[in-house]
Structure formats: structure tokens, C-alpha cells
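Below: one structure, written as C-alpha cells.
To find a chain, count down the sequence lines: A is the first, B the second, and so on, and within it residues start at 1.
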Amino acid sequence: MPSKAEILEIDGIDVRITNPDKVFFPDIGATKLDLVNYYLSVAEGTLAGCRNRPSTLYRWPNGVDKPEDAFFQKRVGDKRPEWVQTQVVKFPSGRSAEMIVLADAAHVAWAVNTGAIDLNPWPVRKGDVDHPDELRADLDPTPGVPYEDVCTVAPVVRDVLREHGLEGWPKTSGKRGMHIYVRIEPRWPFTEVRRAALAMAREVERRMPGVATTAWWKEEREGVFVDYNQNARDRTIASAYSARPVAAATVSCPVEWAEVDGLDPAAFT
DNA sequence: GTTTAGG
DNA sequence: CCTAAACAACGCACG
DNA sequence: CGTGCG
Ligand SMILES: [Mn+2]
Ligand SMILES: [Mn+2]
């Protein structure tokens, strides 16, 4: 692979894309530059979900065929362009990290250049990192469970939310599940948001016995796991429009509730 | 992927 | 100049 | 505490 670089001007900011021809997704022949261009093409939607959110980057610097080289990056590197925005966040351990804040399309492109395939924003905004403005329902089908079951659990999640005056916005996860995001007032701490998610999950489980589960141990799970723990501090979910580190390069795609019935997640790549 | 140390 | 090496996460459940 | 899980 020849060593070269391409400079993209994004909203007046020059972003250097190194090794643009490096193949990230061998099965479909997509390169790093292809991935950057994909993110730029959906920048508006991506930023609707990520803008000003401190984010963990899931980096695969040598593509999806080198999972042994993949890692999560929370602390943004010291060496970075001066325009890169950051936000210090605190972990329950008491430690803290200076995390990248995805302020605009240039930030996304810069992150992708470092090998970030999916973006994992905290459910908070820069300036108030202790109060989530988003509750997230993460639906993970256990192995062998058809997507159809996910599509039957999702509307029940919606019902429970609505009974509490909340509206859920569904999207495919880009892998085998679904995510439902709920806008909330940035008023409660992580612990309270997680408690609400737990209560919601338990109610969904109660209404869908054998189809929805909140059991932590895989062995005890049956059907679709409603993963309320993703609402804890420092736990994240791949953002809307994130590409996922899988061979087919499927992406997380927001959908309308009317589309949920009969949805095929593999259609979004 | 980037940076740094060492030859 | 070039290459090798170091580095890049952490919370919660359970027993 | 170590292990499982995401
Ligand atoms: Mn999931
Ligand atoms: Mn999950």
C-alpha cells in the first residue's frame, strides 16, 4: 500500500486523510476514503445524533479483517489538530478522560482517519456531562432469535414509553439488534436514567414473556435482551449512521415506526 | 494510526 | 532515513 | 476478588 495522503476541505477545515486507499472492508472493497466519504454524505444525520457529545472511538486501524488490532479509545491523543474540541468526563472510578467532542463533519472525518469505524457518543452534551438528555433502549437478540422478534418487542417498548409521556425513535443497530432513543430533559443523573431504563425493561419483559428478557447471564436469556445497562455512565451505543466493523459494512439506520414491521437490517450498508 | 526511540 | 516498539477502556452483575 | 458481559 503506497504511503500517501489526501487533504479534504470540510467546512473550511483541512482534514488530512492518510492512507486513503487502505482497504477497511475487503469483502466489499471499501477503503478508508470510501468510509470518510460515506460519513460526509450522511453528516447531517450523524451530527444530529453526535453533535457536541463526548465520544468513545472504536478504532480498527487495519480494517475489519484485523480484529486483533482493534481497540476502544476514550482519551483523545495529545497530538491532534488545534481545532479538535474535547470535553473532560468523569468515570465512576473517579478517574477522568479528555474525550473528543464531535462538533462538526471535520471532527468526524478526522476520527475516521484514525481508524474509527463506529462512533460511540455519551448521552450528554458538552457543558453538562452529568445529565443525559437521551435514554437508550438497546435490544439485543440472543443467538438464533430472528429479527422479526426484535421487531415485535420494539413496539412494546414504544407503548411503555408512551404511557409515561415519552416518545421513542428507533434505528437498526447495524448488527443484529435495534436501538430506541428517547429524548429526555437533562435533569437526572446517570443512575436515575438507568433506573428508569431498568423499570421500562422489566415491564417489557413482563408483557412479552419468553420473547423479551432482562437476564444478564446469556444462559438464562430467552429471546431479545433489553440491555438497560447501556444507560450507565461511561457506557455507550453506536450512533445513528455509524458504520459497523463487520464485513458487509452495515450501518445503524434510523427508521420510522411504520417500517419496523418486516424490517431487514442488512439493507443498510 | 501516530509518535518516539534507536540504529 | 528507516524500522521497531509502545500505546490506544471500563462499568456493572454475580458468586 | 475474578469472571462474564457489553
Ligand atoms: Mn445492541
Ligand atoms: Mn447491548
*asked:* Measuring only the P atom in each nucleotide, how far is B:dT4 from C:dA8? A whole number of Å is fine.
replied: 14 Å
*Kindly say if A:Asn120 contacts the phosphate of D:dG6, meaning a side-chain N or O under 4.0 Å from OP1 or OP2.*
no
*Indicate, with a heavy-atom threshold strictly under 4.0 Å, whether A:Lys175 touches base, sugar-phosphate, or nothing.*
nothing
*Roughly how many Å is it from CD in A:Glu219 to C1' in D:dT3, rounded to a whole number?*
14 Å
*To the nearest Å, how far apart are A:Arg59 CZ and C:dA8 C1'?*
6 Å
*Counting just side-chain N and O atoms, does A:Thr18 come under 4.0 Å of either OP1 or OP2 of B:dT2?*
yes
*Is the phosphate of B:dG1, meaning OP1 or OP2, less than 4.0 Å from a side-chain N or O of A:Lys22?*
yes
*Look at all strands and tell whether A:Arg221 reaches a base, only sugar-phosphate, or nothing, counting heavy atoms closer than 4.0 Å.*
sugar-phosphate
_If I pick the C1' atom on C:dA9 and the same atom on D:dC5, what distance separates them, to the nearest angstrom?_
14 Å
*asked:* When you compare the side chains of A:Thr18 and A:Asn113, does any donor N or O come within less than 3.5 Å of an acceptor on the partner?
replied: yes
*Using salt bridge (charged side-chain N to carboxylate O under 4.0 Å, His left out) as the criterion, list what pairs up with A:Glu192, not counting sequence neighbours.*
A:Arg195
_Spacing of A:Asn231 atom CG relative to D:dG6 atom P, expressed in whole Å_ = 16 Å
Using atom names, set out every protein N or O paired with an N or O of nucleotides 9-15 of chain C below 3.5 Å, distance rounded to 0.1 Å.
residue: C:dA9; atom: OP1; partner: A:Lys74; partner atom: N; Å: 2.8
residue: C:dA9; atom: OP1; partner: A:Arg75; partner atom: N; Å: 3.2
residue: C:dA9; atom: N3; partner: A:Lys74; partner atom: NZ; Å: 3.2
residue: C:dC10; atom: OP1; partner: A:Arg75; partner atom: NH1; Å: 2.5
residue: C:dC10; atom: OP1; partner: A:Arg75; partner atom: NH2; Å: 2.8
residue: C:dC10; atom: OP1; partner: A:Arg95; partner atom: NH2; Å: 3.3
residue: C:dC10; atom: O4'; partner: A:Lys74; partner atom: NZ; Å: 3.0
residue: C:dC10; atom: O3'; partner: A:Asp234; partner atom: OD2; Å: 3.2
residue: C:dG11; atom: OP1; partner: A:Ser93; partner atom: N; Å: 3.4
residue: C:dG11; atom: OP1; partner: A:Ser93; partner atom: OG; Å: 3.4
residue: C:dG11; atom: N2; partner: A:Arg235; partner atom: NH1; Å: 3.2
residue: C:dC12; atom: O3'; partner: A:Arg194; partner atom: NH2; Å: 3.4
residue: C:dA13; atom: OP1; partner: A:Arg194; partner atom: NH2; Å: 2.3

*For A:Asp78, which contact category applies under a 4.0 Å heavy-atom criterion: base, sugar-phosphate, or nothing?*
nothing
_N/O (side chain, A:Arg176) to phosphate O (OP1/OP2, D:dG6) under 4.0 Å_ = no
*asked:* Distance alone, cut at 3.5 Å: any donor-acceptor contact between the side chains of A:Thr214 and A:Glu205?
replied: yes
*asked:* One pair to check against ring-ring contact (aromatic ring centres under 6.0 Å, His included): A:His107 and A:Trp83. What are the steps and the verdict?
replied: CA-CA 9 Å; A:His107 281 74; A:Trp83 49 265; 5.1 Å; yes
